[in-house]
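Below is one structure; the comments refer to it alone.
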Number of protein chains: 2
Amino acid sequence: MSGSGKPDTLAEAQDRFIAVWGQMGGAWGITRTMAEVHALLYVTGGPLCTDDVMDRLQISRGNASTSLRALLDWGVVSRTHKRGDRKEYFVAEQDVWTMFRAIVRERIKREVDPLLASMHEIRELTEPARRAAGLAAEERALVEAHNERLDQLLEFLTTVERLGHRFVSPAGRGLQAAATLLASKVAG
Amino acid sequence: MSGSGKPDTLAEAQDRFIAVWGQMGGAWGITRTMAEVHALLYVTGGPLCTDDVMDRLQISRGNASTSLRALLDWGVVSRTHKRGDRKEYFVAEQDVWTMFRAIVRERIKREVDPLLASMHEIRELTEPARRAAGLAAEERALVEAHNERLDQLLEFLTTVERLGHRFVSPAGRGLQAAATLLASKVAG
DNA sequence: CATTCATTTCTGAATCTTCTGAAACCAATG
DNA sequence: CATTGGTTTCAGAAGATTCAGAAATGAATG
């Protein structure tokens, strides 16, 4: 053990947090490294520059730059500067709910919205067929069943999308409070 | 174009749905094929056997078997049999909310719970240090700040976990209704 | 209890993703 | 306007995933 021993405990806790958070990132569709960079920024709390990230995480400059940029795009990290220093520094959003809101906003934009668009397109494909004359009753029933399934899914996705927007909007804090209440032990 | 033209429209709509759903699966931590198999079962609605899946999706027997098995584990697909037929057939859960509940249940179990466990462990690492004597004020402050960050995250994750359980439980239908209402245009 | 039909497991090959290191780029500063 | 310090992009290498096909296993039937 080096030094007084205690400072190392903090570093170890940080490292383990980074590892765990990175692991989870993988299971959620973002790269492990990106999640690790985010974890590092969050858990240290302080503004870090590209070289800090490279050193601590043992990753290349290119990788660090790309990850940092992606985190900026997601809106969970922002740039800062220090007086008399040309380097850019990065800070992670420190409020968990704000961070989560940013993530939800992006995932809706990137995944739910395009999915909804495609689904509407696909749903339209069978709309003409539904009305077409000269179709065996059996075939017509098949198309109807298909349409109902897609409609059900569309309705669900629309609900998710609306709920997401509610949560993300300025009024989202109300929803957050509601969620906390709903999840609390006492309620219900 | 073969046949009357219209039946192909249905097949095409199915194929496109399968493609889109599979794509999305990739972004959510399950394999594309698994999502495609699920999409196929959902969109056709009918019981399909391993060979049906292989033929329609052009995948190997091993791959089909593995994917089907995984879907069973997730609880979004179930087995059936046909009289006088030794083959197993598979059907997808047809109710979207039930399906979604199954997914939420599994993801909590597989990702949130282990994450919470690790987080608690990590949080404990710095608890002794916090109380330890002979620590510079500055270092103590560092540890305190670290602990507060972790506590905030832990509280958030616990809320998510509780909310998830609520949603999944028998009483979850109430939450579903609440979600629908919250997401509706008129409310608020 | 042997045979047949169906399902699962396994392994190497192919594919896709992620990472590195270097070169190109950009912007302050003297 | 050259130089220095910093950031981004890119092509190829390394690594991880996913898949097909075969071999192994398991279960129903006569």
Side-chain angles (χ1 to χ4, degrees), chain A residues 18-19 21-41 47-74 77-92 110-111, chain B residues 18-41 47-75 77-92 110-111:
Chain A
I18 291 165
W21 201 245
Q23 181 111 54
M24 203 213 42
W28 280 85
I30 70 166
T31 73
R32 204 192 67 255
T33 303
M34 191 177 145
E36 282 179 355
V37 173
H38 177 246
L40 174 63
L41 288 171
L48 263 43
C49 69
T50 306
D51 292 85
D52 294 334
V53 173
M54 289 168 60
D55 292 349
R56 182 74 185 262
L57 261 34
Q58 295 291 327
I59 59 175
S60 72
R61 185 170 298 281
N63 199 5
S65 172
T66 305
S67 299
L68 253 2
R69 167 54 100 95
L71 289 169
L72 288 172
D73 286 347
W74 276 79
V77 160
S78 49
R79 302 180 203 260
T80 334
H81 292 276
K82 285 184 180 173
R83 299 233 167 281
D85 188 341
R86 284 164 60 180
K87 272 204 286 292
E88 280 192 315
Y89 288 78
F90 301 87
V91 216
R110 293 171 194 223
E111 284 142 32
Chain B
I18 291 166
V20 162
W21 201 246
Q23 180 111 53
M24 202 213 43
W28 282 86
I30 68 165
T31 73
R32 203 191 69 256
T33 303
M34 190 176 148
E36 281 178 355
V37 173
H38 177 246
L40 173 63
L41 288 171
L48 264 42
C49 70
T50 307
D51 292 83
D52 295 333
V53 173
M54 288 168 61
D55 292 349
R56 182 72 184 265
L57 261 33
Q58 295 292 326
I59 59 176
S60 73
R61 186 169 298 281
N63 199 7
S65 171
T66 306
S67 300
L68 251 3
R69 165 56 103 93
L71 289 168
L72 288 172
D73 285 349
W74 277 80
V77 160
S78 49
R79 303 180 202 260
T80 334
H81 292 276
K82 285 185 180 172
R83 300 232 166 281
D85 188 343
R86 285 164 59 179
K87 273 204 286 290
E88 278 191 315
Y89 288 78
F90 301 88
V91 214
R110 293 171 193 221
E111 284 141 33

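Order of the sequence lines sets the chain letters (A, B, ...), proteins ahead of strands, with each chain counted from 1.
- A straight line from CG of A/D85 to P of C/dT29 spans 11 Å, rounded to a whole angstrom.
- The number of heavy atoms from other shown groups lying within 6.0 Å of CD (B/E111) is above 12.
- C/dT4 atom P lies 17 Å from atom NZ of B/K87, rounded to whole Å.
- The closest side-chain heavy-atom distance from A/L68 to A/L41 is below 4.5 Å.
- Ranked by how close their nearest DNA chain C nucleotide is to the 5' end, A/R86 and A/T31 are led by A/T31.
- One atom, CG of A/N63, and another, P of C/dA22, lie 15 Å apart when rounded to the nearest Å.
- At least one side-chain nitrogen or oxygen of B/T33 sits closer than 4.0 Å to the OP1 or OP2 atom of D/dC19.
- Remark: side-chain polar atoms of A/S67 are paired, donor with acceptor, to backbone N or O of A/N63 under 3.5 angstrom.
- Per the geometry, CE belonging to B/M54 stands 12 Å off P belonging to C/dA6, to the nearest Å.
- In this structure, B/I30 places its CD1 atom 15 Å from C1' of D/dT17, rounding to the nearest Å.
- Residue B/S65 is classed as a base contact, given a heavy-atom separation below 4.0 Å to a base.
- To the nearest angstrom, P of C/dA6 lies 13 Å from CZ of B/F90.
- At distances below 3.5 Å, not a single donor-acceptor pair connects side-chain atoms of B/S65 with backbone N or O atoms of B/R61.
- Taking atom OH on B/Y89 and atom C1' on C/dC5, their separation rounds to 13 Å, with Å as the unit.
- We find that CZ of B/R69 is positioned 15 Å from C1' of C/dC10, with the value rounded to whole Å.
- With D/dT18, D/dT9, C/dT7 as the choices, the nucleotide that has an atom nearest any side-chain atom of B/T50 turns out to be C/dT7.
- Across all strands shown, A/I59 has heavy atoms under 4.0 Å from sugar-phosphate atoms exclusively, and none from any base.
- Residues A/E88 and A/H81 are in side-chain contact: their nearest non-hydrogen atoms beyond the backbone lie under 4.5 Å apart.
- For B/R61, whose side chain is taken as the heavy atoms from C-beta onward, the closest listed nucleotide among C/dT8, D/dT8, D/dT18 is C/dT8.
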